[in-house]
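Notes follow the structure.
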Amino acid sequence: MLRPLHLCLMLLCACSGGKGPSPVDAGAAEQAFQRGRAQQLQHAGNPSNERLNAAIEYLEEACRLDETRADYAYFAGRAREEHGDLLEARAHYEAALALDGSHRGAHWRLGGLLHQEGELEAARSHLEAAQPEELGENAAQALFDLGWVLEELGELESARDHYRRAVELRVGLTQAWYRLSRVLEDLGDPAGARQAEQRYQEVFAQDQELASARHAARSNPSDGAAWWTVARLAADLGRTGEARAALQALLALEPKNARARSLLDELEDER
Amino acid sequence: MTTLRRGAAILLACSAGCGGDTPPGAPQPSALSFSDATAASGLDAFHHSNGTPENRTIDESFGAGVALFDADGDGDLDAFFASGDGPDAFFENDGRGVFHDRTQESGLSDDTWSYGALARDFDGDGDIDLYLTNRGPNRLFENRGGSFVDIAAERGVADPRWSSGACFFDYDRDGDLDLYVANHIDLDKEAAATKSQDFFGAQVYYGPLGLEAEPDALYRQEADGTFTDVSSAMGIDAVAYYAFHVVAFDWDGDGWQDLYVANDSTPNILWHNEEGRRFVDVGGRSGVSLSASGSPQAGMGVALGDCDGDGDADLYVTNFSEDYFTLYQAQAGGRFRDATAPAGLYRVTLASLGWGTVFEDFDADGDLDLFVANGHVFPQVDQLGRQTHYRQPNQLFENDGQGHFRIPEGGGGPGLALAAASRGVAVGDVDGDGDRDILVGNLDGPPTLLRNDSRAGNAIVLQLVGGERNSQALGARVRAQVGERVLTRTVGDGSGFLSTSSTRVHLGLGPATSARIEVRWTDGRTLDLGDLAAGRRYTITAGEGVSAEAPLGR
């Protein structure tokens, strides 16, 4: 499966004049990478693309300065993907995998992009190689992604199992409940489909509530109560990353807020 | 450019042209090409107007419906433009694709804010009338020998709400045409102008979320030609979404016309017609109300057609930017599958905000290609540094014959390079050369007429003449056997966005020189026409067969 990627790397080398990778400037590369990651993290949830554009610039500079680092390419891919530059993102993930064939994050994201291109078998191969269960906070999403590809490949039982595992890990994964209801109907389990549909409706409503709370908090970032609402709803939906970020925003405003500290500790323990 | 990107670019270049001869099985060079014929046609004399340039309120963000129809019965396609707060316009075709403004003579003027233009022979008298959807009372212009008179109020269809799409179809199978009107928002324009919302850091107009949606309406045509509002009795007003466009088709093949309604930011609806007794929304069950991941999208326009050649009607729905436009492929049992990605249509629309869309066999090779009119709703988006822009190029996708689409080589010709805030789309043979051209309505500007210059295969064109009260045979199905391939088309399905395409059925045959044609009329009767030769236009009359024929093209 990975042979085309290796071929791609060889051709990339050939295209750059056959001289092999340029000399590594590890220090400068690491500095650019750290700056890029900082911008990328600060961009999260920010409606403006200013930081994301800066992140792309720094991360791609890091890639250029040190062509041996798979994680540089991976995070450049994530930034490109978030920006909507899917072809560039794909090239970065392929580069990451050419450097480190076991890079689970790159397998996961590349699998997702290949799915969007309708390349189902290739998508499956990468998503399986990502070992979704091992992807930490992204495990539920990756399980869903693999389940969806399996569903489209006609492997409905396996798709169902992946969706179920995904919602076990993150109860608020709306799309997993939705597809689970569809696949259960296809499998001739109307009662199960109805149950999953009901859960989808519930989670979808909570999701809308969270979106509304998120909007309120961002519109008035000094409102601690708004951040608490976001944190609570996000935690209920299993969106621990967003819940932690909201709690940190709240604690920055109210450092002694005991319930925020307690929920944050709880979420850190789960981590 | 980074080493990585430079390398990738070289790779792409090599894969496109370094290999010498095209290997067996590789895609063939595209024949699809359109050029901009707006100025040459005289249609640049029309300028659409829709309020403030910054689109201060939501009603200023869409519109620009267009209609191609034979208003004067001389055999060619004339053009009508619905123009927001400006004057609507009617242009007469000289038969060769050159148009002259005849708005005053035609009587087709309207002082309300106009959105959609539905040209149909609603009364079955043989000429084409025009239903105009407005923010304010809708108009029904009856065609009286080439001049038009508004009779909406006396016939009972002057819906005063803000209407968008509309569709004439025979829901109760009594032979005449009933009317579905898609309504949008109960808008207090002054109040809306005092609000705004944040869009990635820019302040833009408020809505639709947060504004009150209007329910749609269904009007039954009575024997005397008046209409009765049966929305409540038929279950149509049970829900209210931000409706944009509606198409009619027989979803489950039971002989009763169903409806698909694209709604903005809310679930789309598939109204199942329960034998004329009531309508029930089966969109959720059949898989056409949400995206594949269960989210409502911003449904705008709808294309209906059998894009994979399996005999079922598939649906393509245009949506907002940074989301994908959705291809719902019909499966067994009335269910649909989101086939956007396998069809090659996912990534290619993410930067676009789509409106009018049509499936059409532009190169007459026997499969349905896809056209989409694009343009953002927020002029402010240009200041945000995002992937998407206010004025956008339209898009043409070529079908490979298996329901897989690609951008044609050359992008579809110079006409596709133009960028505008496009909305409505109508298709028809404007210049009488035998192929299908495209008329695009643009917001706050002149329209775009795209002349079809494609290298095309052989074709047959059918003009169906239906029963006494449905002279255009709306809803009839045509089946053409071309060698091993079967083409199925629905007459006047209403694809697009707030617009009307020609109801002539254009069948691309590729190299074949004939096709076996069968028509299924809306009353269930079928007519086997046997083999018809390519290169000709046939008039097919219900109960009669081929009643006239002529060579195709000039």
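Note: hydrogens, waters and symmetry copies are ignored here, and every other heavy atom, side chains too, is used. In the text below, chain A, chain B and the rest are named by the order of the sequence lines, each starting its count at 1.
Among A:Thr174, A:Leu113, A:Asp85, the residue making the largest number of heavy-atom pairs under 4.5 Å with chain B is A:Asp85. Options A:Gln175, A:Glu185, A:Gln116 differ in how many heavy-atom pairs under 4.5 Å they form with chain B, and the most are formed by A:Gln116. Per-residue heavy-atom pair counts under 4.5 Å with chain A were compared for B:His404, B:Arg285, B:Arg337, and the maximum is reached by B:Arg285. Most heavy-atom pairs under 4.5 Å with chain B: of the set A:Phe144, A:Phe204, A:Trp177, this distinction falls to A:Phe204.
The shortest heavy-atom contact between A:Trp148 and B:Ala292 is CZ2-CB, 3.1 Å. For the pair B:Asp338 and A:Glu152, the tightest heavy-atom approach, listed with the atom from each and the gap, is O-OE2, 4.2 Å.
At a 4.5 Å heavy-atom cutoff, A:Asp207 makes no contact with chain B through either its backbone or its side chain.
Annotation for A:Tyr58: atom OH does not count as buried by contact number, only 12 or fewer foreign heavy atoms lying within 6.0 Å. For A:Gln201, the CD atom counts as densely surrounded, since its 6.0 Å shell holds more than 12 non-hydrogen atoms of other residues, nucleotides or ligands. Remark: A:Arg199 CZ is packed, more than 12 non-hydrogen atoms of other residues, nucleotides or ligands lying under 6.0 Å away. Within a 6.0 Å radius of CD in A:Gln195, other residues, nucleotides and ligands contribute 12 heavy atoms or fewer. Counting heavy-atom neighbours within 6.0 Å of B:Glu212 CD, excluding the residue itself, gives a total of 12 or less.
When the heavy atoms of residues 340-352 of chain B are compared with those of chain A, the residues falling under 4.5 Å are B:Ala341, B:Pro342, B:Tyr346, B:Arg347, B:Leu350, listed by number.
Taking B:Tyr206 as the reference, nothing meets the side chain to side chain donor-acceptor pair (under 3.5 Å) condition, with sequence neighbours excluded.
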